[in-house]
Amino acid sequence: MAQKPSIPKGTRDFNPEQVSKRNYIFQIIRGVFETFGFQPIETPSFENSDTLMGKYGEEGDRLIFKILDSGDFLSKVDDSIYNLKDSNKLTSSISEKALRYDLTVPFARYVVQHQNEIEFPFKRYQMQPVWRADRPQKGRFREFYQCDADVVGSQSLWQEVEFVQLYDAVFSKLKLNGVTIKINNRKILSGIAEVIGAQDKLIDFTVALDKLDKIGEEKVKEEMLDKGISQSGIDKLQPLFSLKGNFESQIETLKTILSASKEGLKGIEELEFINTAINKLELQTASLELDVTLARGLNYYTGAILEVSAPKNVQMGSIGGGGRYDDLTGIFGLKDVSGVGISFGLDRIYLVLEELGLFPEAVSKSIDVLFINFGEDESLFSLKAIKQLRENNIHAELYPDAAKMKKQMNYANKRNVPFVVLVGEQEMNSNTYTLKNMVSGDQNQVNLNQLVSLLK
RNA sequence: GUGGUUGUAGCUCAGCUGGUUAGAGCAUUGGUUUGUGGUACCAAGGGUCGCCGGUUCGAAUCCGGUCUUCCACCCCA
């Protein structure tokens, strides 16, 4: 064998069984999206670089896959830039396109570009791959699918309520019970930053706070000090570190901490609204939890922040996330369009379902029945029956070669085919079919009508 | 981007401190069995030991680089 071919780091091939399982997840998410009134759109896999660059922070820019310009791109680079040997500066001269990093920013671009054709509020869903030049690890790939649903053009908090229900509906249908939908509000985080005198360090502050359950209180305080947040400010956070209990009691504690911050109180009010509504509407299998440390990244969230974690017995990062972003289309020049949306991480959900054995058996079934090939006349006779079966939506096929019986039966086993039909001289003469159940081993002779109804 | 880890047959892995023709199980193919599979037995095929370079009389084994795997950090779905 020559050198083995390979695929790039962090990418995967999917075999038939994996594709079936992935489609199962897609189909459930799509179904729920549509019952909630979302409509599908698609956008190109690559965008103009300036659409993407600068939208995800410095770290994000690094993780965007850039596409080299076509042609002799180096010859048009200005000597002064070339001689600097500064990759960042050079990139913008040799790459004007980049692979999309998520679905939210391209969607914002879409809304701005098509604003005159869109009926607001606009509810869209989108299920497409995204790419990140990240180092792979568990549940982290360089090419993966996101399934997003967003609403733009409505500031109503009922949208947030609906998204919590949507998460609950999808995970309930997937039989993935016990997921936790964590919710927080950017206004609360800003409020806290304001109260401790660190408005200007909001991002550093939230990034540190986000690590609380991972690295512990002391390390979080260290990191905050490191980032230049004052000791007196950190002291004021003390009640926050010991914040425990249910939604309502956490809210009460927050009200005292944030009594001086108008913005913080607004955030609390929003959370209370959502929580009250969800309590009245009730969730099927998920639970809604307030988590003040939830600060997950994207710089553009302005209100609610949502994140879904897998049931506690599986080790997996978040399997979904989302939030409210009042200014998203602003960066593309369209003001005052509020949006809110959520995302499902298909690849991670797959890993969780696999680990918990939650894929239905039927997902991996290939065909309903295989006809054993005994020769040319028998094949023709079989294909007439197969035609009939297919018209009845029964998945049927003929083994293509008149190979040994053992080989054909083995093939049926490997492909997990539940039934096999044997048609030889005897059957042709009596115009019947021998139907064999591959699980029990039973077999009986039937006519065509019986065959159809038995397999249906 | 930082630190660590992994790489031997299609798959899962042995191979001691460098020393003959690199092994096993599973899978594949053929046979026992020319209309009856999953079990059993017999036999066969299949590897430039990730790649490049170095040390050595001699490298799967030691050293360097590179790619890949997995993990942690950063960040994130």
Side-chain angles (χ1 to χ4, degrees), chain A residues 1-12 15 29 56-64 87-88 101-104 127-148 203-204 206-208 210-211 214-215 219 223 294-299 306-310 315-323 341-352 370-375 378 399 402-428 434-443 445:
Chain A
M1 204 188 322
Q3 288 159 308
K4 273 187 204 167
S6 63
I7 53 175
K9 165 164 56 172
T11 64
R12 294 142 309 150
N15 65 33
I29 295 177
Y56 310 100
E58 209 176 306
E59 191 67 21
D61 283 358
R62 206 194 77 209
L63 296 176
I64 292 173
S87 308
N88 284 336
Y101 177 88
D102 71 356
L103 299 178
T104 308
M127 308 200 287
Q128 290 188 279
V130 302
W131 294 269
R132 295 187 189 177
D134 212 357
R135 283 232 184 146
Q137 42 179 289
K138 181 167 187 180
R140 268 179 115 156
F141 308 98
R142 299 213 291 184
E143 177 183 62
F144 61 96
Y145 271 75
Q146 286 190 333
C147 310
D148 274 29
I203 300 284
D204 287 337
T206 53
V207 165
D210 189 47
K211 294 178 190 163
K214 208 167 177 183
I215 63 176
K219 298 251 176 180
E223 182 167 334
L294 177 62
R296 291 283 141 140
L298 303 181
N299 303 336
L306 289 163
E307 180 174 299
V308 183
S309 25
Q315 185 72 34
M316 181 59 66
S318 65
I319 53 178
I342 58 170
S343 180
F344 289 83
L346 175 104
D347 301 86
R348 286 187 176 181
I349 293 172
Y350 182 102
L351 292 173
V352 172
L370 176 78
F371 280 62
I372 300 293
N373 189 323
F374 284 100
E378 292 88 345
Y399 192 89
K404 287 194 176 140
M405 174 71 87
K406 179 173 174 145
K407 192 176 165 129
Q408 301 195 40
M409 294 298 264
N410 261 327
Y411 179 79
N413 274 333
K414 290 278 161 53
R415 285 192 61 190
N416 235 328
V417 180
F419 290 98
V420 156
V421 169
L422 298 104
V423 178
E425 232 181 295
Q426 301 161 29
E427 284 87 353
M428 288 212 307
T434 298
L435 178 67
K436 182 181 176 78
N437 181 321
M438 290 300 278
V439 179
S440 65
D442 299 341
Q443 59 186 58
Q445 282 209 332

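Predicted, not measured: the structure shown is a model, and the values here were computed from it. Chain letters run A, B, ... following the sequence lines, proteins first, then strands; residues in each count from 1.
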What is the separation between atom [atom1] on [X] and atom [atom2] on [N], rounded to the nearest whole Å?
X        : N     : atom1 : atom2 : answer
A:Ile349 : B:C76 : CD1   : P     : 19 Å
A:Tyr101 : B:C75 : OH    : P     : 11 Å
A:Ile342 : B:C76 : CD1   : C1'   : 18 Å
A:Leu63  : B:G1  : CG    : C1'   : 9 Å
A:Leu351 : B:A77 : CG    : C1'   : 11 Å

Can you sort out the partners of A:Tyr350 under ring pair (Phe, Tyr, Trp, His ring centres under 6.0 Å), two or more places apart, ordered by chain and number?
A:Phe359

Kindly express the pairing pattern of RNA chain B in dot-bracket notation, using | wherever a base pairs with another strand and counting only Watson-Crick or G-U pairs under 3.5 Å.
((((..(..((((.....[...)))).(((((.......))))).....(((((..]....))))))..))))....

Which nucleotides of nucleotides 65-73 of chain B have their base under 4.0 Å from a protein heavy atom (B), which only their sugar-phosphate (S), and which neither (-), written as one string 5' to 3'?
---SS-SBB

List the protein contact pattern of nucleotides 31-39 of chain B with one symbol per nucleotide (5' to 3'): B for base contact, S for sugar-phosphate-only contact, - for none; contact means a heavy-atom distance under 4.0 Å.
SB--BBBB-

Can you list every side-chain hydrogen bond (donor to acceptor under 3.5 Å, both in side chains) pair that touches residues 139-148 of chain A, not counting sequence neighbours?
A:Thr104-A:Asp148, A:Trp131-A:Glu143, A:Asp134-A:Arg140, A:Asp148-A:Ser343

For residues 402-414 of chain A, which residue pairs pass the side-chain hydrogen bond (donor to acceptor under 3.5 Å, both in side chains) check, not counting sequence neighbours?
A:Tyr411-A:Arg415

Set of residues satisfying salt bridge (charged side-chain N to carboxylate O under 4.0 Å, His left out) with respect to [X], sequence neighbours excluded:
X        : value
A:Arg135 : none
A:Asp61  : none
A:Glu59  : A:Arg62

Identify, with sequence neighbours excluded, every residue that meets side-chain contact (heavy atoms from CB on, under 4.5 Å) alongside A:Asp442.
A:Ser440

Please enumerate all residues that pass side-chain contact (heavy atoms from CB on, under 4.5 Å) together with A:Val423, with sequence neighbours excluded.
A:Phe371, A:Phe381, A:Ser382, A:Val421, A:Glu427, A:Met428, A:Tyr433

Determine the Euclidean distance between corresponding C1' atoms of B:C71 and B:U32; express it in Å to zero decimal places.
50 Å

C1'-based separation of B:G64 from B:U56 [nearest Å]:
16 Å

Polar-atom pairs under 3.5 Å, protein N or O versus N or O of nucleotides 43-45 of chain B: list them with distances, or write none.
none

Does the aromatic ring of A:Phe344 sit over the six-membered base ring of B:A77, closer than 5.5 Å centre to centre and tilted less than 30°?
no

Measuring from atom CG of A:Asn416 to atom CE of A:Met438, what distance do you get when rounded to the nearest 0.5 angstrom?
10.0 Å

